[in-house]
Amino acid sequence: MNHNTIALSQLDYPYFFIQCDGKGKLVRILKEDIAYVESALNYLVIHLQSGSYTTYLTISELEEILPSVRFIRVHKSFLINLEKIIGVEGNVLHLNNDARVALGPSYRKSFFERLEPMLVRSKRKG
């Protein structure tokens, strides 16, 4: 089995495993439980609804296996689960785990384009 076949099959699962706290420990992460992912030097911190895990991955590596319909990059150091947003105030995203994540200037346009279909606005003038 080549690497591409493995990568494609990872997309089908609702969870994945990461290595953390040394070589012998694997932790299962449910994709739907992820609130956001934060890049920290050579590591990633995966923030769940309750708790977080640190692993030796890049944000791009994780971005490849997370469904793009649900997850979006909002900053060079942050990837968020759109379903966990409870509000947007200026350049700060408020998530339902009480976290606040910065919206980077170069990601702002694509972020609001993704929100557009879910945005309800009045058609009245004024």
Side-chain angles (χ1 to χ4, degrees):
M1 187 183 283
N2 69 30
H3 180 69
N4 290 339
T5 306
I6 293 170
L8 287 175
S9 67
Q10 286 173 336
L11 295 174
D12 298 333
Y13 290 99
Y15 58 86
F16 57 91
F17 287 89
I18 58 167
Q19 190 171 316
C20 61
D21 297 333
K23 289 198 185 285
K25 184 175 180 182
L26 295 176
V27 175
R28 186 177 82 154
I29 306 286
L30 272 169
K31 293 175 184 177
E32 70 183 35
D33 287 348
I34 298 172
Y36 69 101
V37 177
E38 177 182 7
S39 178
L41 298 173
N42 293 326
Y43 293 87
L44 278 187
V45 182
I46 300 171
H47 297 272
L48 307 175
Q49 286 306 110
S50 56
S52 61
Y53 295 97
T54 302
T55 188
Y56 188 71
L57 287 169
T58 67
I59 201 164
S60 298
E61 288 170 328
L62 197 57
E63 197 172 16
E64 285 176 23
I65 66 158
L66 293 174
S68 60
V69 80
R70 181 184 288 168
F71 290 89
I72 184 171
R73 188 87 163 261
V74 295
H75 187 280
K76 67 179 179 150
S77 300
F78 293 106
L79 179 65
I80 63 156
N81 184 340
L82 286 167
E83 295 175 4
K84 307 300 183 187
I85 298 171
I86 58 170
V88 180
E89 197 174 335
N91 289 326
V92 178
L93 308 176
H94 298 266
L95 305 182
N96 66 358
N97 67 342
D98 292 329
R100 286 165 176 63
V101 174
L103 176 59
S106 58
Y107 295 89
R108 188 175 175 81
K109 184 176 184 279
S110 63
F111 172 75
F112 282 107
E113 284 171 357
R114 285 287 296 278
L115 282 194
E116 189 62 38
M118 297 170 273
L119 188 59
V120 179
R121 289 188 173 136
S122 174
K123 293 183 171 88
R124 295 177 290 174
K125 298 201 176 185

Step-by-step side-chain contact (heavy atoms from CB on, under 4.5 Å) determination, L95 to V101: CA-CA 8 Å; L95 305 182; V101 174; 3.8 Å; yes
Side-chain (R114) to main-chain (V69) donor-acceptor, under 3.5 angstrom: yes
Short side-chain to backbone donor-acceptor contact, T55 and L57, under 3.5 Å: no
Test item: K31 side-chain N/O and I65 main-chain N/O as donor-acceptor pair under 3.5 Å: yes
Gap separating the CD1 atom of I72 from the CG atom of L115, nearest 0.5 angstrom: 7.5 Å
4.5 Å side-chain heavy-atom contact, S52 and V45: yes
Check: E61 main-chain N/O paired with E64 side-chain donor or acceptor under 3.5 Å: no
Within 6.0 Å of CZ in F112, more than 12 heavy atoms from elsewhere: yes
Close side-chain approach of I85 to E83, heavy-atom, < 4.5 Å: no
Heavy-atom side-chain contact between K84 and H94 under 4.5 Å: no
Heavy-atom side-chain contact between I18 and L26 under 4.5 Å: no
Reported CG-to-CD distance for the pair L93 and E89, which is rounded to 0.5 angstrom: 11.0 Å
Residue pair E113, R108: steps toward the salt bridge (Lys or Arg N to Asp or Glu O under 4.0 Å) verdict: CA-CA 9 Å; E113 284 171 357; R108 188 175 175 81; over 6 Å; no
Ring geometry between Y15 and Y13 (parallel below 30°, tilted from 30 to 60°, perpendicular above 60°): tilted
CZ on R70 to CG on L82, rounded to 0.5 Å: 9.5 Å
Greater than 12 external heavy atoms within 6.0 Å of F17's CZ: yes
From CE (M118) to CD (E116), nearest 0.5 Å: 9.5 Å
Point-to-point distance, once rounded to the nearest 0.5 Å, from OH of Y56 to CD of Q19: 11.5 Å
More than 12 heavy atoms from other groups under 6.0 Å of OH on Y53: no
side-chain contact (heavy atoms from CB on, under 4.5 Å) assessment of I80 paired with F111: CA-CA 11 Å; I80 63 156; F111 172 75; 4.2 Å; yes
Note, I46 side chain near F16 side chain (heavy atom, < 4.5 Å): yes
Intermediate values then yes/no, side-chain contact (heavy atoms from CB on, under 4.5 Å), T54 and L44: CA-CA 6 Å; T54 302; L44 278 187; over 6 Å; no
Minimum heavy-atom distance between R73 and I59, given as atom pair plus value: NH2-CG2, 3.1 Å
Would you be so kind as to tabulate the donor-acceptor pairs closer than 3.5 Å made by side chains of residues 32-39, with sequence neighbours excluded?
from: E38; atom 1: OE1; to: H47; atom 2: NE2; distance (Å): 2.9

